[in-house]
Structure formats: C-alpha cells, structure tokens
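These notes are about the structure you will find just below.
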4 protein chains.
Amino acid sequence: MSESQTVAKPTPALADVQNERDERNVRIDKVGVKDIRYPILVKDRTGGPQSTVGNVNMYVDLPHHFKGTHMSRFLEVLNHYEGAMSVEKLPELLAQMQGRLNAATAHFEVAFTYFMKKRAPVTGAEALMPYEVTFDAAAGAKKDFVLSVVVPVTTLCPCSKEISARGAHNQRGMVSVSVRFRDLVWIEEIVELVEAAASCDLYPILKRNDEKWVTEKAYDNPRFVEDMVREVTLRLRGHEKIEWFQVHVENHESIHAHNAYAFVEEWVDRGEN
Amino acid sequence: MSESQTVAKPTPALADVQNERDERNVRIDKVGVKDIRYPILVKDRTGGPQSTVGNVNMYVDLPHHFKGTHMSRFLEVLNHYEGAMSVEKLPELLAQMQGRLNAATAHFEVAFTYFMKKRAPVTGAEALMPYEVTFDAAAGAKKDFVLSVVVPVTTLCPCSKEISARGAHNQRGMVSVSVRFRDLVWIEEIVELVEAAASCDLYPILKRNDEKWVTEKAYDNPRFVEDMVREVTLRLRGHEKIEWFQVHVENHESIHAHNAYAFVEEWVDRGEN
Amino acid sequence: MSESQTVAKPTPALADVQNERDERNVRIDKVGVKDIRYPILVKDRTGGPQSTVGNVNMYVDLPHHFKGTHMSRFLEVLNHYEGAMSVEKLPELLAQMQGRLNAATAHFEVAFTYFMKKRAPVTGAEALMPYEVTFDAAAGAKKDFVLSVVVPVTTLCPCSKEISARGAHNQRGMVSVSVRFRDLVWIEEIVELVEAAASCDLYPILKRNDEKWVTEKAYDNPRFVEDMVREVTLRLRGHEKIEWFQVHVENHESIHAHNAYAFVEEWVDRGEN
Amino acid sequence: MSESQTVAKPTPALADVQNERDERNVRIDKVGVKDIRYPILVKDRTGGPQSTVGNVNMYVDLPHHFKGTHMSRFLEVLNHYEGAMSVEKLPELLAQMQGRLNAATAHFEVAFTYFMKKRAPVTGAEALMPYEVTFDAAAGAKKDFVLSVVVPVTTLCPCSKEISARGAHNQRGMVSVSVRFRDLVWIEEIVELVEAAASCDLYPILKRNDEKWVTEKAYDNPRFVEDMVREVTLRLRGHEKIEWFQVHVENHESIHAHNAYAFVEEWVDRGEN
C-alpha cells in the first residue's frame, strides 16, 4: 500500500494498483491510517508549547471510481510537521491531506495527554495534572471540529449523605465533554468549567491541610451523577462560544463494582435568528 | 443511590432524595448503570442456547423535573432474568425497565463473546471460533435495535502481490459490522457474509493440509482495506432484511506499526416507495 | 504452523518443518498459543458448575534440538473438553498436553469472570457479583498451581476521617490475591477473606437502608492502602492451607487522578520442620 | 494520605496518622503511588533529549512498625524534576525518594513511547517509528535496573512457505525484551538487535519500491515464533554488556484469531570465574 516513487534506484516502473478504476460503485466515507503514535506540540492558553505524544488517525473520502488511496502519503504529510506539529497548523495539515490525496474531505484525529499546573487549595503545593484530550477535525466538503476533554473529579452521593448518620460514599468520576464552537475554546476552559461543577476537583499533590479542605468541600457539595451532568450542561449552555456539546459522566461507584452513568447532548439555541 | 424499601428491618422512613423536584431545567438523555458483568444466554441460529458473559449497560431518559433515577431498580430488573436472560426477552426486559423506572425510553446494551463451530477447510478438524457481538436496544419513545459483530479475517495486499517477485504481505484484519434490520438477522449471517468477502477467513484449528489451503486461497484473493469495505458493503446491500449498516475495517498491517482503516455507512434504499 | 494429518483428502506428504533438527542450542521455556477465547465450566463451592468464558494460554517447553512445536495440537486438546472443561480436569488436560506435544512441562493459564450470589446487608436484595479469576497451572518437570482472584472493595481513608470536621474520602479499591496451597482453596474463600478485611465490601444491589448501612460501616472501618494489604496478609497467614501468597492493593483515590498502591509477598512458614 | 505541612495558613497541628506505630508485624514490600501521567525527557544515543509522556509508579518499602507512608512526598520528588526529568537522573531521584520517605529501598517505574527516525530501505523516505519502553529501577537495600523494549516486527511462517504452491502467511509480531546489564545498553541497541532477527522489520513510510523490497525480504527470511525467540536469544547472549534477559514473542497470526507465543529467560554465563 504505497505509491510509485523515483528517489534512489528505481526498478522498472511498478504497477500502480491503487490508481486503477473501480467498478463496484461503492463510495468510501473514510479510508486511511489509524493508531499512529507521533510526538506533537500543543499550544496552551498562556502561549507556551507543550510537548506530548499523540495517537493519530488520518482519513480521506474515496470516490467510487478509484480503487485505492495512497497510504504512504498520509505519513509523509504527518512527517512534514515532525518536531513542530501544533494544533494551529491543523487547517494547513488538512489542506495538505486533501491536496496530496486528491480528496474532497480530509479527517485528522489526535488523542493526547495534556498537562496543567495545579496548586493545592491550602498549602499551594504545585504539580502537573493530566487530562486526556482529543481533536477530531475535518476539512473540505465536510468541515468540522470537535474538541473532547476528559476531566476526573470527586463525586459525593447526596442520598448516602442524607440518610447516613456519618460519612457519605464518594468516588472518582470521569466527565467527558465534547464541544463544537464558533470561536476557539481552550482546553483549560473546559477543565475549569467541569471542575467547578463537581463535589470537588482532583489534585496531584495534597498535604494534610489540603486533604482536610477537599474532604470537607466534597461533603458540603454532594452530587448525583444526574447533578454532575446537569451542572456541566448549565455551564456549557452559558458559555457563549459553544454551539453543541455532549457530556458523559461515569462514576466509579465506591459501593458497587459497576458504574453510574449519565449523558446529555444539546445544540445550544442562541436565539439569534 | 438506591430507593426506599421495606423488606427486612426498615429504619424509620429514609429521605428519598431522588424523588425531589429538580428546577434546573435539564432533561437527561440517558442515566443508569454501566459495565455490569453478568452471565447471559444467547440463542443461536440452530435454536440452542449459548452460555456466555455479558458486559451490560442499562439507561433510561429522565425528564427535567425529576432530581434522580433509582439505580438499584436496574439491577433488580436484570437480576429477574438471572440464569435465563436471552435476547428474545429484550423487549420484555426493556418494558420492565420503562415500568420500574417510570421512563419514556429505556436503553439496554450488552457486549459478549459468541462462539461458532468451525471446521478446517481440508481436514475438517473442528473447534470453536469466538466473535465479539453487541446488542444496542432501545424501546419506548425512541425504538431502536443495532446488532454489531466483529469478524477477524485475513487480508492480503494486492499491491504487494503485484509488484513483488515472490510472496505478498498479509495480516489479521478486524471487520466490524453494525446493522439495523426489518426482520431478524442472525449473528451467523453477518459472520458468513464478512468471511466470504475476505482474502481468507480464520480458523481455530488448521492442520498442515489446511494451512496450505488457506495460504493459497489468501494469495489468490488479494484485498486492500478498500476492497474489504466495498465487498462487505455490496453483500450488506444485497441482504434483503438489512435497512442500515456501518462497516469498519482495520488491518493490523504486517509491514507497519500502524493500521490501515476504511469505513462506509449507508441507509439501504430498497426503492419500494 | 500445523501438523501432518491424514483425515480427508491428503495431498502428497507435506514437509514437516517443525520436526526438523535445530542446531542453535536454545531451549525454549514456553511455546504455544495465547489469548484463545473459549467457553468453560467452573465448579463452585456448592458443587454447581458455572458457565463462563475463559481467555486461555497453553504452552509447553521445547528442548533445544527441536525446531518447532505443533500449534494445532494445543487447540485439539482444548477442543476435546468442549462444553465440559472444568478445573477438576486440569491435571488430565495438562497430561494430555505433555503427551500430545511430547513435552517435559505443560502450562495452562485461564482467566475468567466468576460470579457469586450476594445479598444486600439489610434488605437481603440478591444479585450476582463478578470477580476476575485466573488459574496458572503447570505439570511435568515443573509442577505449579497459582490461583489469583481480584476482589473490588471500598476503602475509606483514616487520615481524611481523622483530620476532617465531616466526611472522609473513600473509593473503590482493587485487591488482587495470588496463592499457592497444599489443599484446595476455593475462590469463595479468598473473596470472603478479602471482603472481611476492607472498610466495606461491594454489592450488586443496595436499597436505601442498605446504602445507609454500608456508608456507616465504611466510615467506622477506615483503611489506608497499607492497612488493606496488612489485613489481607494477616488473614492469608492464618489460612492453614496456604503456603505462599502475593497481595496487590490499588486504590482508585477519589481525591487524585493517580492510584495508591501496596504489595506484600510471603512464603508462609508453618514451623513444621 | 498526606503529611503535615506549614506553608500558607496552617490550621492547628493535624494528627499525623501515618506516623503512628503499627503492631501487626507486617512488613510491606512496596507502597506508594501508581499510574501517574507525567511529561519526561529521555536522552537518546545521539545525545539529544526526547520529550515524551511517562506512566510512572513510585514505591518504597515500609518496615513493619510504621503505620503508613506519606503519599504526597512521592509527587513532590517527581515534581522537583518537572520539565527536565531524564533517565540519567534516576539514581538521584531514587536517593531522594529514600531520603524523603525514610526508606531502605526505593522503586521507580516508568513506561513511555520512544521514537526513532527510520528510513525506508530503497527510497530512503524517513519518519518516526514508535517503541514502547519501560524502566524498572530500584535503589537502596535492593538495587536493580531492568530495561524493557517492545519491538514490532514482521514474521513469515516457514511451514506455510514450504508447503504452499504460492505465498506464505505473515503477520505483525510483538517482541518484548527485558535486560539487566553491567554497562549501559541503549534502547536503540535492543531495537536494532531484534529487528535484525526478524523476517523483516517495520517502517513508518514505505513507497512502492520499498514495499516490494520488504515483501521479498520477509519471504526470503521465514521465522517461526520459535525462530524469533531463538534468534533474539543468540543476539542477546552475544551482547557483552548484558547479564540477564527475557524475550517474549507474540505473533498476531493472520490465519487464526489467537496468537502464537514463545518465551526464553536466561542469566548469561560469561565464564569469567
């Protein structure tokens, strides 16, 4: 699955099977390469670039009359950005994919761990918190950009608190937010918005005074999985740049071996027409 | 996250926090329990029940004015079918979920390994082949049923065969098919349809004469990832009971560390109106 | 990778590459097949067989002078037990592997989900709890049997409880126990022993009165990850049939994105010599 | 699970539960923090630092008379190296862990994706290949360092080639090598050693002339899983700096849904005494 090429010592022209005509009349929505590990740079809100490792998928559409695409060209496009592939360059990268692959639509997906400095609430002890982020971008005939961020939080059960003489069960919950927006929304904005909606947010370092603070904060702010999904929904509705969102909340219940789950999807009606 | 209950020694009535009124005006699309491991029975095409283990998700919708759902009732419904939960009972199970949870829509998803006896092509040596299957069912306001089957196959590269003096790279490919249908389509039908479209299908046991047979068959039937997705598409279009389908093909390329991928989604136009 | 076979229509004798002599002087510790999904039966303490799905690995050793093993024979041995492969038959199965593969040592590993009925502590509501179990068996020159069980539990932090004015952080913890024993130890014994050592055990169904009970029990029995590993260690030392054990405890901390972990390994000195 | 600390506004001294005396007489082999995502720098053979993301575990031993360790100190040690944590600093980092945690032995494990530039064999087209690498280091009472590298390769079946009239099945195989050494062995050395032992190595970019070359090379160098493990073993024995090794080979068979597997472990006898 590669293409004809004349660098180095060419053998007599090799057949280009991919370029043959296809008669089966099946248009392919997406064809390309998947699960490429590649170093990437992501610019954070303060302007600094952050080095991380991406898991990359690159696809194009294929009209029904072409037999195949040229897989090696995806890697050539990706490699062109080696050492400096940043998200600002996604439109350019998608345009290159369209051009090199002769495609109406190009898709680029990348998943990576993103780090934010976080200070403990009382002592101010600082370290890095990891968040799993995905960009899902398309350009050409179908334009799209979806930003997804997974934010781990503490959730404390209101029912358990209400009915128990002491304590309340709590656990790590995973809040996954996907958004489409009219103007750039930073990863940091999604993280802050979700953390503000939780019983408490998580920290990389907590000293004893901090641990007292987070324990009491969570106890004072109980949240069902239903509350979490609603509180995040309200904040996403209130973010003026966001046009569409999905929120998945999954609590790793400390009293069960299974999880509690809630999901909301909405197009935000800005009432502008 | 459980409900009031009077079996055994009840304490004085405990507050029912979930039943309180919610004023945030956020309707929840899905709320419930996720990743429950549970034994299930699946009926195969020959009528025999097959014991396997399911990974189960159960959700309902929640109108905006209810604060919470009652998580324990999902497990009670599931447990009601213990030892004999079969797919034929899905409509009844969904109706019970709607009733017990007072919901407009109920969702039941279950993923499991399904086994089919498979005979080696020459020697007839027989053993079980595993296939990963998912049912995604909804009833009530939103009715739906999607059957998904993952079929592993051999794919052999036509370009590699064409340009090389000897041999051709080949690999395991994973074909994931999802279908919506008008009349019941068996898991076995999807498996057979996909295996017929591949360079060669996989077997649990191959003796030497069988290995010669599958090696030569794959060499004689080269398939790009594009060919696989198209050949499966043609067969799904030709299956009169199928109304909608998705096909994902992912080849674990033997010459790369990344995968080749192709995807088609279609509503089948039966031209009946 | 299969063997000569004369059922059905044999082609003229095919070369048996695996049987050739190898001159590289490298003995192979384990060679065979890995990640076979297969239905299995496991007998529980009450005598009833339980249907589940195993992930199976089968290996033998290979002396330095043999070029290869015969992979298809592993599947033939496994298939011989189709529909009725139980753990009581492991010695017989290992002996068959040794015989068919001409091996000094045979290894059989199987991982599966095991279910136990569990009643809620107050209301008695009953459903199935899943536990992940592994058997790692060897026979021949190297005899061995290791039983491993993963038991999810609640752990509540003693420090958080002690220093906070209200509440205490708690979470799901995963306790993995591996044992070697002189007389059969049931999976149920390991589960009960671990659950007794936790802040509280987990349940498939909890009604409101049950939820109050487990919340208060966990609050009254705080456990660091260090306490969990020690409490389980004491109980394993006190189980007269156990000769060796490992305990891994991993708490999915509700206040951090990372986990707390503790590990102990011991040969139990029974002071009998 | 944190420690007393006086930065910012201290509350009246909080109880230090972890420092209490423990009377259960259970020494803990390893206790600490697990699955911390953190950015790291790794120096490659050419001297350049490479930015990647680590999955970090940090443990110490805990004598039987201490109730608990101080979890926050692990993160403080890790954070001290933020932005510049390289493997050369592992001895210093381990010494800090011992000091801060008052421990006889400290363990540091980190897993990350490592990238190497790789040129296509004919056209010279260049891009990055990813390899999964783990360092498992211990210092203090128990000193140790194990380097593990996973190298994906092509394996082509000798039996299939021998008995078939045309073609031969081949697939992606994963070779995992762990080594202990007397003098530093570079990741690059392990990668090159394994790739030289395979039917063919993998490439990020292959143009058509390259694809012809790798197809024919694999066909000309058939390898059973047994051959792979032996060829790697011979090369590790022949590497004068290596004292101990493990080799796992797992072929994702293109003709089966399960894998072929082989394993060798050896202490290398240098015959120096």
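Chain letters run A, B, ... following the sequence lines, proteins first and then strands; every chain starts at 1. For clarity, every value in this text was computed on a predicted model and none was experimentally measured.
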I need the [X] [atom1] to [Y] [atom2] distance, nearest 0.5 Å.
{"X": "A:I205", "Y": "D:R73", "atom1": "CD1", "atom2": "CZ", "result": "12.0 Å"}
{"X": "A:E211", "Y": "D:M71", "atom1": "CD", "atom2": "CE", "result": "10.5 Å"}
{"X": "A:L14", "Y": "D:N209", "atom1": "CG", "atom2": "CG", "result": "5.0 Å"}
{"X": "A:K117", "Y": "D:N79", "atom1": "NZ", "atom2": "CG", "result": "8.0 Å"}
{"X": "D:L75", "Y": "A:L128", "atom1": "CG", "atom2": "CG", "result": "10.0 Å"}

Would you confirm whether D:R37, through its side chain, and A:Y131, through its main-chain N or O, come within 3.5 Å as a donor-acceptor pair?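 Side chain of D:R37 to backbone of A:Y131: no pair is present.
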Is there side-chain contact between D:E76 and A:E126, with at least one heavy-atom pair below 4.5 Å?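 Side chain of D:E76 against side chain of A:E126, heavy atoms only: no contact under 4.5 Å found.
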Are side-chain heavy atoms of A:V53 and D:F115 found at a separation under 4.5 Å?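 Heavy-atom side-chain distance check passes, below 4.5 Å.
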Minimum heavy-atom distance A:L206-D:S72, with the two atoms named: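 Nearest heavy atoms, A:L206 then D:S72: O-CB, 3.4 Å.
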Contact origin within D:A15 toward chain A - heavy atom pairs under 4.5 Å: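 The answer is the backbone of D:A15.
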